[in-house]
Trainee: 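Structure in structure tokens, see below.
From a predicted model like this one, the values you see are computed outputs, not experimental measurements. Sequence lines set the chain letters: A, B, ... in the order given, protein chains first and strands last, and positions in each chain run from 1.
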Number of protein chains: 2
Amino acid sequence: MGPVVQRRPPVMADVAREAGVSHQTVSRVLNDHPNVRGETRARVLAAIGKLGYRRNHVARALVTKHSRTLGVVSFDTTLYGPASTVYGIEQAARAAGYFVSIVSLTSIDRAGMRDALDYLTGQGVDGIVVVAPQRATARALADLPLGVPAVAVEGGEAGDVSVVCVDQAAGGRLATEHLLALGHETVWHVSGPSDWLEAEGRVAGWRAALEQADRQVPRPLTGDWSPRSGYEAGRVLAGMRNVTAVFVANDQMALGVLRAFTEQGVRVPERVSVVGFDDVPESAYFSPPLTTIRQDFGAVGRHSIEVLVRQLEDGRHGLERLVVPPALVVRASTAGSA
Amino acid sequence: MGPVVQRRPPVMADVAREAGVSHQTVSRVLNDHPNVRGETRARVLAAIGKLGYRRNHVARALVTKHSRTLGVVSFDTTLYGPASTVYGIEQAARAAGYFVSIVSLTSIDRAGMRDALDYLTGQGVDGIVVVAPQRATARALADLPLGVPAVAVEGGEAGDVSVVCVDQAAGGRLATEHLLALGHETVWHVSGPSDWLEAEGRVAGWRAALEQADRQVPRPLTGDWSPRSGYEAGRVLAGMRNVTAVFVANDQMALGVLRAFTEQGVRVPERVSVVGFDDVPESAYFSPPLTTIRQDFGAVGRHSIEVLVRQLEDGRHGLERLVVPPALVVRASTAGSA
DNA sequence: GGGACCGTTGTTAACGTTCACAGTCGGGCC
DNA sequence: GGCCCGACTGTGAACGTTAACAACGGTCCC
């Protein structure tokens, strides 16, 4: 009687003894090897159940050299975009039978990236997904340790690794063309920080659309993704009489722009139309509800795992590049020009 | 000459040979054992550098029985709250020298929790942090495997584990008392889903504040944290002439409420005051800027790791309960009653 | 001068699993 | 009956690290 003693957890040898077989037979049962007699398998399974045996992944990893763990390097998973991407990655990885180990970068530089990669490879991950939205992080991909398969998400033209990304330029173009089609003479732009690849792609798409339509290209204002920076840009834009359409590089900043416009008495969409980017869940409830570009973060996460697992299991190293298209979501913040 | 051949990565024995010592001495250097001669240490370090040796954590974990990995179980890390908490946990864990393995629950039930815990313990984590905001998840903590130290975040009165949480009731009370102090007769409430502990705590705080001031307690409206559900609640409230103050259980829903009020011509704060909860980065730029309750998610994450690491390293199992106080942030969505 | 002791190093044996190989048993076939 | 082959099972040796213990040389002290 008395309380159950805290015993050393059972190992394969214990199961083997209980079932009256060798440890190797237990291993075979666990790994679904074909050549095990049905009756033997049942006996082993029973012993496993009785003892509450759980296979030791660490010992397994030591000999197989595979940890069935994937490393994820990300930056500030508090932001909606990275958070959604990482969520998609985690779900897809688990579905594929892998664990996920996450490192969030605090510093953006090459050294931070190198630390993160050292950290993960040292732990013995089978592969790495790098969410590399900044130019610096993308460049740091060159430091990737050889021999560990990797996939970059939003990694630009990262030299040596496969890339999964949203077509940012197409998104910028979509937003701009929507505004142009509504009759606006030109479109102003509040961009993200210049060292972010996503910001750069959106600028490029916006510029391309304007040039293609032979319009004047205004100097873009630069924000830092935060609502506050959008607010500041919005105050500037509100003071300019000739502004009738603004493409803002993300929804958070667009919120700031809307706020500044409201304060300055600039009516949206009557006097100025505004388009955002991301389609965060809140954007449909802004005042007015925001026209924006939707990115399918879940799809990005899933695809990145697909690509990585393919590399892992085929052993091939063919560089893939998978581009997810964005979509325009029209709401009430855009209207025709007077 | 020629390209560097892709060799098997060096192991301790290789370093030992290179440095002319035994592998055990290499191990000692790596683990900062005191009794190694300075000159020997230097020679080993040089060999490590020359060969590019990296310690194999898996082999180490096998013999020490410590993986230096912490498991985190969370629910929908796309939401701002969980995302911020997990971010705080990850940062704190790394600072304490631990890896972090994350599992996001898709289903809320006991089975999902059990799977997640099996998953993590099978991988050999040293400890587990469970972000358990729902009643069901909290209840499932009872299933926690014995012998693995664990900490619950927002776990209510989870039986057997330490808990770190924000004082939700205090937050609800803070919001309600703020509105009462402004002269409102009573305060209406849009709550979160009833199976969330946080929602429950906020309701309790709100109710307590009203009862203490001897006010009528209206029937709360129930949402699901989403802006849409807030919008729907807002439409209902907009139709009720006697509503002058609303406490909404999170900022996202508060945004929906504001949107509904705007559409119905209900002016905030002139006719109705609104208080949110969370202080998401956007809330300062809502129309009007939202008065809300700030939760320090980073602190919650840090504390949970502190508690867990203490249990891990002291081996003690004393139940701790750490409560983080919330704070009122007054902005422009609240004003005195007419 | 001899024994105890300390600092330093090496040797051997775990840890719990999988892999490679070697058995054993029975049946089919010539 | 002997041979081979296939299905099934067991034996031993890895994997790369740390822990336990032994060994060595020198110093200190009586």
Trainee: In residues 43-54 of chain B, what residues come within less than 4.0 Å of DNA chain C, judged by heavy atoms?
Mentor: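 Going residue by residue through residues 43-54 of chain B, none turns out to have a heavy atom under 4.0 Å of DNA chain C.
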Trainee: Separation of His66(A) atom NE2 from dT17(C) atom P, in whole Å?
Mentor: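 Result: 18 Å.
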Trainee: Of the non-hydrogen atoms in Leu312(B) and Gly127(B), which two are nearest, and what is the gap between them?
Mentor: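 So the two residues come closest at CD1-CA, 4.3 Å.
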Trainee: Taking only residues two or more places apart in sequence or in another chain, which ones pass side-chain contact (heavy atoms from CB on, under 4.5 Å) with Val309(A)?
Mentor: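 Applying side-chain contact (heavy atoms from CB on, under 4.5 Å) to Val309(A) gives Ala96(A), Tyr98(A), Ile305(A), Glu313(A).
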Trainee: Going 5' to 3' along nucleotides 18-25 of chain C, which nucleotides have protein heavy atoms under 4.0 Å from the base (write B), which only from the sugar-phosphate (write S), and which from neither (write -)?
Mentor: BBB-----
Trainee: Using modelled atom types only, decide if a donor and an acceptor are shared between the side chain of Thr85(B) and the backbone of Gly81(B) within a distance under 3.5 Å.
Mentor: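 Present.
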Trainee: Restricting to salt bridge (Lys or Arg N to Asp or Glu O under 4.0 Å), what partner residues turn up for Arg28(B), sequence neighbours left out?
Mentor: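 Arg28(B): no salt bridge (Lys or Arg N to Asp or Glu O under 4.0 Å) contacts found.
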Trainee: Can you see which heavy atom on Val44(B) is nearest to which on Ala19(B), and at what distance?
Mentor: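 Minimum heavy-atom contact is CA-CB, 4.0 Å.
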Trainee: I need the full list of salt bridge (charged side-chain N to carboxylate O under 4.0 Å, His left out) pairs touching residues 61-85 of chain A, with sequence neighbours left out, sorted by first then second residue.
Mentor: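 Counting only pairs at least two positions apart or across chains, no salt bridge (charged side-chain N to carboxylate O under 4.0 Å, His left out) contact touches residues 61-85 of chain A.
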Trainee: So, is Asn56(A) close to the dG16(C) phosphate, meaning a side-chain N or O under 4.0 Å from OP1 or OP2?
Mentor: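 So the side chain of Asn56(A) is outside the cut-off, no N or O lying under 4.0 Å from OP1 or OP2 of dG16(C).
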Trainee: Tell me whether Glu154(A) contacts the main-chain N or O of Val166(A) through its side chain, where contact means a donor paired with an acceptor under 3.5 Å.
Mentor: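 Here the side-chain-to-backbone pair exists.
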Trainee: Determine the contact category for Val58(A): base if any of its heavy atoms lies under 4.0 Å from a base atom, sugar-phosphate if only primed atoms, P, OP1 or OP2 are that close, otherwise nothing.
Mentor: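 Answer is nothing: Val58(A) stays at 4.0 Å or more from every strand.
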Trainee: Using a cut-off of strictly less than 4.0 Å, decide whether Thr40(B) has a side-chain nitrogen or oxygen near OP1 or OP2 of dT9(C).
Mentor: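 Indeed, a polar side-chain atom of Thr40(B) lies that close.
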Trainee: Of all residues at least two apart in sequence or in a different chain, which pass the side chain to side chain donor-acceptor pair (under 3.5 Å) check with Glu90(B)?
Mentor: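 Partners of Glu90(B) by the side chain to side chain donor-acceptor pair (under 3.5 Å) criterion, ordered by chain and then number, come out as Arg94(B).
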Trainee: Going by salt bridge (Lys or Arg N to Asp or Glu O under 4.0 Å), name the residues that satisfy it together with Glu320(A), two or more places apart in sequence or in a different chain.
Mentor: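 If we apply the salt bridge (Lys or Arg N to Asp or Glu O under 4.0 Å) test to Glu320(A), skipping adjacent residues, the hits are Arg310(A).
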Trainee: Please state how far atom NZ in Lys65(B) lies from atom P in dA14(C), giving the value in whole angstrom units.
Mentor: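 Atom-to-atom, Lys65(B) to dA14(C), this comes out as 13 Å.
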Trainee: Looking at every heavy atom in both Asn56(A) and Val58(A), which two are closest together, and how far apart are they?
Mentor: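 So the two residues come closest at OD1-N, 2.8 Å.
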Trainee: Considering only nitrogen or oxygen atoms on both sides, find all protein atoms under 3.5 Å from nucleotides 23-25 of chain D and state each distance.
Mentor:
none

Trainee: Please list, chain by chain and in numerical order, all residues satisfying salt bridge (Lys or Arg N to Asp or Glu O under 4.0 Å) with Arg43(B), sequence neighbours excluded.
Mentor: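 Expected list: Glu39(B).
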Trainee: List for me each residue that meets side-chain contact (heavy atoms from CB on, under 4.5 Å) alongside Ser84(A), sequence neighbours excluded, and say none if there are none.
Mentor: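 So Ser84(A) forms a side-chain contact (heavy atoms from CB on, under 4.5 Å) with Tyr80(A), Phe297(A), Thr78(B).
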Trainee: Just jot down the side-chain contact (heavy atoms from CB on, under 4.5 Å) partners of Arg60(A), sequence neighbours excluded, or say none.
Mentor: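 Residues passing side-chain contact (heavy atoms from CB on, under 4.5 Å) with Arg60(A): Asn31(A), Arg55(A), Thr64(A).
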Trainee: Please state how far atom CG in Asn35(B) lies from atom P in dC21(D), giving the value in whole angstrom units.
Mentor: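 Checked: the CG to P distance equals 17 Å.
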Trainee: Side chain of Leu62(A) only, please: which of dT11(D), dT17(C), dC15(D) is the nearest?
Mentor: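 Shortest atom-to-atom distance from the side chain points to dC15(D).
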Trainee: Between His57(B) (NE2) and dT18(D) (C1'), how many Å, whole number?
Mentor: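 Atom-to-atom, His57(B) to dT18(D), this comes out as 14 Å.
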Trainee: So what is the end-to-end bend of the helix from dG1(C)-dC30(D) to dC30(C)-dG1(D), with 5 pairs used at each end and the value given to 10 degrees?
Mentor: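 Nearest ten degrees gives 50° for this helix.
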Trainee: Check whether the side chains of Ser162(B) and Gln311(B) place a donor and an acceptor atom closer than 3.5 Å, and report yes or no.
Mentor: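 Present: a donor and an acceptor within the cut-off.
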Trainee: Counting side-chain heavy atoms from C-beta on, which of dC8(D), dG16(D), dG16(C) comes nearest to Ala59(B)?
Mentor: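 It is dG16(D).
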